[in-house]
Amino acid sequence: MVMDVDLNQYGITVKTIHRNLAPAELYEKAITRAGAQINSTGALATLSGEKTGRSPKDKRVVEDAETSEDVWWGDVNIKLQHDSFTKLRAVAVEYLNSRKYLYVLDGYAGWDPEHQLKVRVICCQAYHALFMHNMLIRPTAEQLADFGEPDFVIYNSGATDADPEIEGVTSKTSVALSFKDREFVLLGTQYAGEMKKGVFTVMNYLMPKIGVLSMHCSANEGSEGDVSLFFGLSGTGKTTLSADPERALIGDDEHCWSDNGVFNIEGGCYAKTIDLSAEKEPAIFSAIRFGAVLENIVMDPHTREVDYHDSSITENTRTSYPIEFIPNAKTPCVGGHPRNIILLTCDAFGVLPPVSKLTPEQAMYHFISGYTAKVAGTEMGVTEPQATFSACFGAAFLVWHPAKYAEMLAEKMQRHGSSAWLVNTGWSGGAYGTGARMQLAYTRGIIDAIHSGELSDVPCETDPVFGFQIPTTCPNVPDDILLPWKTWDDPTAFKQTAAKLATMFARNFENYAAGASSEILNAGPQI
């Protein structure tokens, strides 16, 4: 049952408003009105137009009396004056009012009712409404009837451009957020992921303000109720390792940690599909069915079968689907206090151990660092690994200084007795080009040993450069790969590479030193 909604309070006078339509009706409207198609498995295939990824350089946050001292201003959170936001909002509303019909999606962010945010999405595209139907927590008919006023409103007018003449706007794309107005305005981009990450950014500001830690991580739960969090940048194995058939999935990307435990922010999953296969990611592959959205994929025009290897539109092909499409998902998506915090990295330098146990201070340091390494391309003969750092494993979505999130993480770890681990899924026996990638079976063995508690009491050695404790034995993992310096044929080359990586860590951390405590600073590598 769809309830009527009045948008006049937003200056929107369109008469035909489609509120919280069922997926089947959104399919019909996306196909007949916008040219979407159904693929061979029943998912809705769509195109986002010119923008096929987020536009971080066009993101702006309004500076006001409340946010002025709170926000981590800089390249991530670029200041915007309120007058400019008002003008951008006016452009968005004017475009919405030019439409014959609009879609409204009311839903929740956060599975814990005590910390739940009511979000309203106003958009022109049926597929955007379906996308947010998947990504927000879906209200029941009773909840929708009593929804009342939202806590935050998203105006998605991405099909029209922003005005670069507005002060603070530097392109035709604008992703503008005002915490004072509790509003989020999108112009010049129809990439659906902007809405998802906009909600996450909002939670990244509001939750820490009330003592709840927001986190860019996946989470799962064992049969005894033990919860693990997995942090990691792209390519580190976060999705693969958290998708454990022996454990229930709480969520794949965004979570909060409150006094009640862990809860997922989202009602669905948003996964990359480039090179997707049933063999590599069976749960994701089978979730692409009726109700799922496929964005910017290429499919055969006759069979409607998707070619997941085709990146001619973008490398960033995506799918979104409700979390219950994953067979072992836990709903409601909540869990107890985490027993294990697992920081994943793919170290292409071959320096970091397969597994290390971290002190709370080291956990803060490596959490703020958010390190992984990418293998360089073959252009101009370059084969040197490239270090990548993203604060808190999600710098693009932080609002407070990274140290705030790190200190909250350490405080919650200490209060609830959580253990922290650094797991390297990258290279062993040498850097990329010399060594070999860590076998997935060994990494899974390490994760299993963390979950069983078998790694907690084994003998350890201290890493001479990074200082963390390295287990010297692990079930189902050869002892000779656990200490990285013993896997290299050239000890001198190992020391030089380790020193080089340590220097990269130190240089990166200079960006955050001003907001970090002495305990955090002293937990870094010794150069």
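All residue numbers in this chain count up from 1 along the given sequence. Quick caveat: nothing in here was measured; it's all calculated off a predicted structure.
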Whether the Lys51 and Thr173 side chains hold a donor-acceptor pair (N or O, under 3.5 Å, no angle test) is what I'd like checked.
yes

Would you check if the side chain of Thr314 reaches a backbone N or O of Asn316 as a donor-acceptor pair within less than 3.5 Å?
yes

Parallel under 30°, tilted from 30 to 60°, perpendicular over 60°: which one fits the rings of Phe505 and Phe466?
perpendicular

Within the 3.5 Å criterion, strictly below it, is a donor on Asp70 or Tyr205 matched to an acceptor on the partner's side chain?
yes

Is the number of heavy atoms from other residues, nucleotides or ligands within 6.0 Å of CD (Glu50) greater than 12?
no

Verify, without hydrogens or angle tests, whether Arg437 (side chain) and Thr425 (backbone) share a donor-acceptor contact under 3.5 angstrom.
yes

Would you sort out whether Asp226 and Arg247 count as a side chain to side chain contact (heavy atoms under 4.5 Å, CB included), showing the intermediate values?
CA-CA 9 Å; Asp226 57 298; Arg247 297 172 66 84; 2.9 Å; yes

Please determine, by modelled atom types, if Asn134 and Ser320 share a side-chain donor-acceptor pair under 3.5 angstrom.
yes

Can you confirm whether the side chains of Asn340 and Trp421 place a donor and an acceptor under 3.5 Å from each other?
yes

Would you say Ser258's side chain and Asn260's backbone share a donor-acceptor pair under 3.5 angstrom?
yes

Is Lys404 atom NZ crowded by more than 12 heavy atoms from other residues, nucleotides or ligands, each under 6.0 Å away?
yes

Do the ring centers of Phe231 and His216 come within less than 6.0 Å of each other?
no

Below 6.0 angstrom between ring centroids: does that apply to Phe494 and Trp488?
yes

Could you check whether the rings of Tyr512 and Phe509 sit parallel, tilted or perpendicular, using 30° and 60° as the cut-offs?
perpendicular

Is the shortest side-chain heavy-atom distance between Asp253 and Lys238 below 4.5 Å?
yes

